[in-house]
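Read the numbers this way: they start at 1 and go in the same order the structure lists the ligands and their atoms. The model shown is predicted, which means the values in this text are computed figures rather than measured ones.
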Amino acid sequence: MILKNKDVLGLESLEADEILGVLEIASRFRAVFDRPVRNVPIMRGRTVVNFFHEPSTRTRISFELAEKRLSADIVNFSAANSSFKKGETLRDTAENLAAMKIDMLVVRHSSPGSARYLAQVLDCSVINAGDGAHEHPTQGLLDIMTMRQRLGDLRGRKVTIIGDIAHSRVARSNIWGLTKLGAEVTLCGPPTMVPGALERMGVVVEYDLHRAVADADVLNVLRIQLERGAGKTFPGNREYHRMYGITEDIVRGLKPEAFILHPGPMNRDVEIAGEVADGPRQVILDQVANGVAVRMALIYLLSGGDPGALGGSDKG
Ligand code: NCD
């Protein structure tokens, strides 16, 4: 059994061997992508509800594609046209979902802890697709998968996460996952966005960008989360770009094999220069492709899929 619990709520609650087990299954699904027929009938007759209470493009499409490629029946539920507008509570929604007998719930919500709450009140499996600034475990897993495809074992590898760490669920999931796998994590950004207390998570905090990236193997560049109030923590986009933006100049100072991740959506020319976002060091579309594979793996494993039944894997 690769996953010990019925839900995936964060990388804090997954052990290193669970993370590696999921990534192994994900790499087998990734190998299916290059075949002319990409669908497998594993989830036929099972219903997955995608419950998105916050805007999302990539993550929602990625989950939907993963579910479709596993042949699940899908119901999409977005807050914009739901009873939330009429004042329904999360608990009432949960009870209604339970009564409708679904097999799995994928939830994105602006409140930290909302996925855990739903996991407690529902018998079905719950996957957290991002809960406020808390965790975004599938993004953490797809980032780690992308890093391992290039670097193999991450023990002793240096990963620098840059940007609005305080508001970032992506950063938190990356920190948990990467440190469990033995990577050395450095956080960098303006002091207003990178609280020094984060060092308690077993990472280094470095406010000087040049020093933070000098010997990094990987840069994970985060979006400035304007919708979570980040605009108040720095003087302006131009100022941020000058101090912490990943520019061609910064790239020239990196180790020759170092590469760059960004979870999307990007603020071009704020946290990352347009040329870098389109340049040879970025692996952003690998991340997107791996995202579908990671989500297929989680859905497969949570619904009782047999890890041995999938055949050989590609690298990663
Ligand atoms: C992230 C998110 O929503 O947390 N995006 C994503 O899922 N691809 C990061 C972000 O919004 O900046």
In ligand 1, the atoms that come under 4.0 Å of a heavy atom of R108 are 2 (C), 3 (O), 7 (O)
Note to self: Salt bridge check, R252 against E248: does any charged N sit closer than 4.0 Å to a carboxylate O?
What the structure shows: no
Q) Do any N or O atoms from the side chain of E199 and from the backbone of G196 form a donor-acceptor pair under 3.5 angstrom? A) no
For T59, the ligand 1 atoms with a heavy-atom partner under 4.0 Å come out as 6 (C), 7 (O), 8 (N)
Open item on the list: Would you say CG of D306 has more than 12 non-hydrogen atoms from neighbouring residues, nucleotides or ligands within 6.0 angstrom?
Closed with: yes
In terms of the angle between their ring planes, are F29 and Y300 parallel, tilted or perpendicular, with boundaries placed at 30° and 60°?
-> perpendicular
_Are more than 12 heavy atoms, taken from residues, nucleotides or ligands other than R91, located less than 6.0 Å from that residue's CZ atom?_
no
N237 versus N267, side-chain donor and acceptor atoms under 3.5 Å
no
Within the 4.0 Å heavy-atom cut-off, what Q287 brings close to ligand 1 is neither
Numbered in order shown, the ligand 1 atoms found under 4.0 Å of a heavy atom of Q139 are 6 (C), 7 (O), 8 (N)
Any P263 heavy atom less than 4.0 Å from ligand 1 | yes
Under 3.5 Å, N or O to N or O, is G264 touching ligand 1 that way? yes
Ligand 1 to V170, heavy atom cutoff 4.0 Å, flagged ligand atoms 1 (C), 4 (O), 9 (C)
message = Are any of the N/O atoms on P265, whether in the backbone or the side chain, positioned under 3.5 angstrom from an N/O atom of ligand 1?
response = no
